[in-house]
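Worksheet: the structure to be examined is printed underneath.
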Amino acid sequence: MKIAVLSREPRNYSTRRLVEVARARGHEVEVLDTLRCYMNIASHNPSIHYEGVELGDYDAVIPRIGASITFYGTAVLRQFEMMSTMALNSSVAISRSRDKLRAMQLLSRHGIGLPITGYAHSTHDVPDLIKMVGGAPLVVKLLEGTQGIGVVLCETHKAAESVIEAFIQTNNNILVQEYIREANGADIRCLVVNGKVVAAMRRQAQPGEFRSNLHRGGTAEAIKITPEERATAVQAAKIMGLDVAGVDILRSARGPLVLEVNSSPGLQGVEAASGKDVAGKIIEFLELKASRKHKPAE
Ligand code: ADP
């Protein structure tokens with residue numbers, strides 16, 4: 001196959017692994033900087049240009065679109081889709097999962113366990129918003145945040161009120177969320193490929209920190225997940241419409257709670273912790289998806 005990887009970071013571990021594995025399996029692979037792709041969206045003959053030339057046809061595209069460029073990145077991916085290039089994850093599914101509110105509303109509608117979460121636009125009813133999620137301690141999250149940035153634990157009602165008001169008044173979109181104390185600063189990342197959890201890791205926050213992000217100094221180790229956690233991860237990816245996803249789960253007293261479904265999960269931490277060849281599973285799946293697409297209609 002001829003494969004395009006949409007990535008701004010060709011040297012990034014995940015990009016390198018996917019390229020390496022795909023080449024080793026005999027595919028032709030090019031890494032394209034998502035933001036350097038440009039296109040004529042009104043043409044009857046959709047095309048994409050790159051560094052002054054029109055791109056040829058690709059059989060498949062692997063989107064690795066960072067959260068900060070979701071809008072443009074999904075537009076580029078959509079253009080590939082219009083050119084009948086098969087995408088590892090579709091542009092619609094990526095947009096769906098990147099909109100944290102929309103994603104949580106969808107997951108909740110399908111009965112997936114979630115931390116109690118509130119969302120408000122105005123500062124008028126902050127005390128009731130706090131009450132709604134069960135009072136302090138609670139977690140306030142910037143909607144656009146990633147890697148734990150903008151995730152704040154407010155221990156008291158007063159602190160929660162000040163933080164929420166400050167965020168809203170500075171025009172930040174935030175979520176207010178029940179704090180899952182019994183998670184003990186740990187969460188579970190499940191890598192789902194084609195409806196199966198192919199690898200999982202437990203991330204543990206540093207002492208004194210509740211955010212387990214590896215970028216925040218968290219450590220990762222292999223973990224055996226429960227059948228309930230496995231089913232939750234698989235179902236969450238399915239609801240988002242993502243064939244490849246990283247599903248973050250908190251272990252709570254009332255069972256697994258989904259924090260986020262990530263459409264471009266990093267591979268470094270999870271491959272190291274689990275010892276699994278996740279990139280290999282992803283490329284194998286891409287081959288399968290392409291073969292299904294080319295199967296003549298019955
Ligand atoms: P980001 O998308 O920026 O990583 P998350 O919502 O995943 O933000 O939060 C970062 C980390 O903070 C999580 O991995 C988890 O360890 C911790 N965390 C987030 N929300 C809660 C919560 N409601 N209760 C307990 N811990 C939480």
Side-chain angles (χ1 to χ4, degrees), residues 14 65-70 94 96-105 107-108 112-119 129-156 159-160 163-164 167 172-192 200-221 223 225 229 232-233 236-237 240 242 245-270 273:
S14 306
I65 296 170
S68 60
I69 63 155
T70 301
I94 294 172
R96 195 184 281 132
S97 64
R98 282 286 160 80
D99 180 339
K100 287 193 190 181
L101 270 188
R102 181 181 177 194
M104 292 191 83
Q105 285 170 325
L107 293 172
S108 135
I112 296 287
L114 300 168
I116 302 171
T117 304
Y119 179 65
L129 182 67
I130 293 175
K131 204 166 109 202
M132 202 169 81
V133 303
L138 53 76
V139 179
V140 178
K141 293 183 186 182
L142 278 179
L143 266 194
E144 286 83 21
T146 60
Q147 301 175 350
I149 298 163
V151 179
V152 183
L153 174 60
C154 305
E155 301 273 7
T156 66
V163 170
I164 295 169
F167 272 141
N172 285 293
N173 279 313
I174 52 159
L175 288 179
V176 178
Q177 197 165 69
E178 162 195 21
Y179 174 53
I180 309 299
R181 187 184 293 279
E182 65 270 26
N184 280 324
D187 75 355
I188 299 169
R189 160 63 64 97
C190 298
L191 254 290
V192 178
M201 66 171 163
R202 179 174 175 276
R203 296 180 297 196
Q204 177 68 54
Q206 282 182 345
E209 169 65 75
F210 80 103
R211 296 166 300 177
S212 58
N213 305 70
L214 302 183
H215 289 93
R216 309 248 73 76
T219 51
E221 59 179 37
I223 188 181
I225 57 170
E229 287 159 352
T232 301
M240 290 298 115
L242 292 169
V247 182
D248 293 343
I249 290 177
L250 288 181
R251 279 186 169 166
S252 83
R254 59 178 192 276
L257 305 178
V258 171
L259 271 186
E260 196 180 16
V261 185
N262 196 314
S263 58
S264 293
L267 303 182
Q268 188 162 20
V270 77

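When a residue number appears, it is its place in the shown sequence, counting from 1. Every number for a ligand or one of its atoms is a count from 1 in the order of the listing.
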Donor-acceptor contact present, side-chain [X] to main-chain [Y], <3.5 Å:
{"X": "E182", "Y": "A253", "answer": "yes"}
{"X": "S212", "Y": "G218", "answer": "no"}
{"X": "R202", "Y": "A220", "answer": "no"}
{"X": "Q204", "Y": "N184", "answer": "yes"}
{"X": "T70", "Y": "S68", "answer": "no"}

Within-4.5 Å side-chain heavy-atom neighbours: Q177 and L257:
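Not in contact.
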Any V176 side-chain heavy atom under 4.5 Å of M132 side chain:
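The answer is no; the side chains never approach within 4.5 Å.
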Region of [X] engaging ligand 1 - heavy atom pairs below 4.0 Å:
{"X": "Q204", "result": "neither"}
{"X": "V151", "result": "side chain"}
{"X": "E260", "result": "side chain"}
{"X": "A183", "result": "neither"}

Just jot down the ligand 1 atoms closer than 4.0 angstrom to any heavy atom of [X], in number order.
{"X": "D187", "result": "13 (C), 14 (O)"}
{"X": "K100", "result": "2 (O)"}
{"X": "G148", "result": "1 (P), 3 (O), 4 (O)"}
{"X": "Y179", "result": "24 (N), 25 (C)"}
{"X": "Q147", "result": "1 (P), 3 (O), 4 (O)"}

Is there a polar contact, in the sense of an N or O pair closer than 3.5 Å, between [X] and ligand 1?
{"X": "I180", "answer": "yes"}
{"X": "K141", "answer": "yes"}
{"X": "Q177", "answer": "yes"}
{"X": "N213", "answer": "yes"}

What residue and heavy atom of the protein are closest to [atom], and at what distance?
{"atom": "atom 23 (N) of ligand 1", "result": "E178 O, 2.8 Å"}
{"atom": "atom 26 (N) of ligand 1", "result": "F210 CD1, 3.7 Å"}
{"atom": "atom 21 (C) of ligand 1", "result": "L250 CD1, 3.9 Å"}
{"atom": "atom 16 (O) of ligand 1", "result": "S212 OG, 2.8 Å"}

So, are [X] and [Y] salt-bridged, with charged N and O less than 4.0 Å apart?
{"X": "R203", "Y": "E221", "value": "no"}
{"X": "R211", "Y": "D187", "value": "no"}
{"X": "E178", "Y": "R254", "value": "yes"}

In sequence, state the C-alpha distance, the side-chain angles, and the governing distance for R189 and I249, and then conclude on side-chain contact (heavy atoms from CB on, under 4.5 Å).
CA-CA 6 Å; R189 160 63 64 97; I249 290 177; over 6 Å; no
Just to be sure I'm reading this right: ignoring hydrogens, which of L259, L153, L138 gets closest to atom 13 (C) of ligand 1? Compare them by their nearest heavy atoms.
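The option holding the nearest heavy atom is L259.
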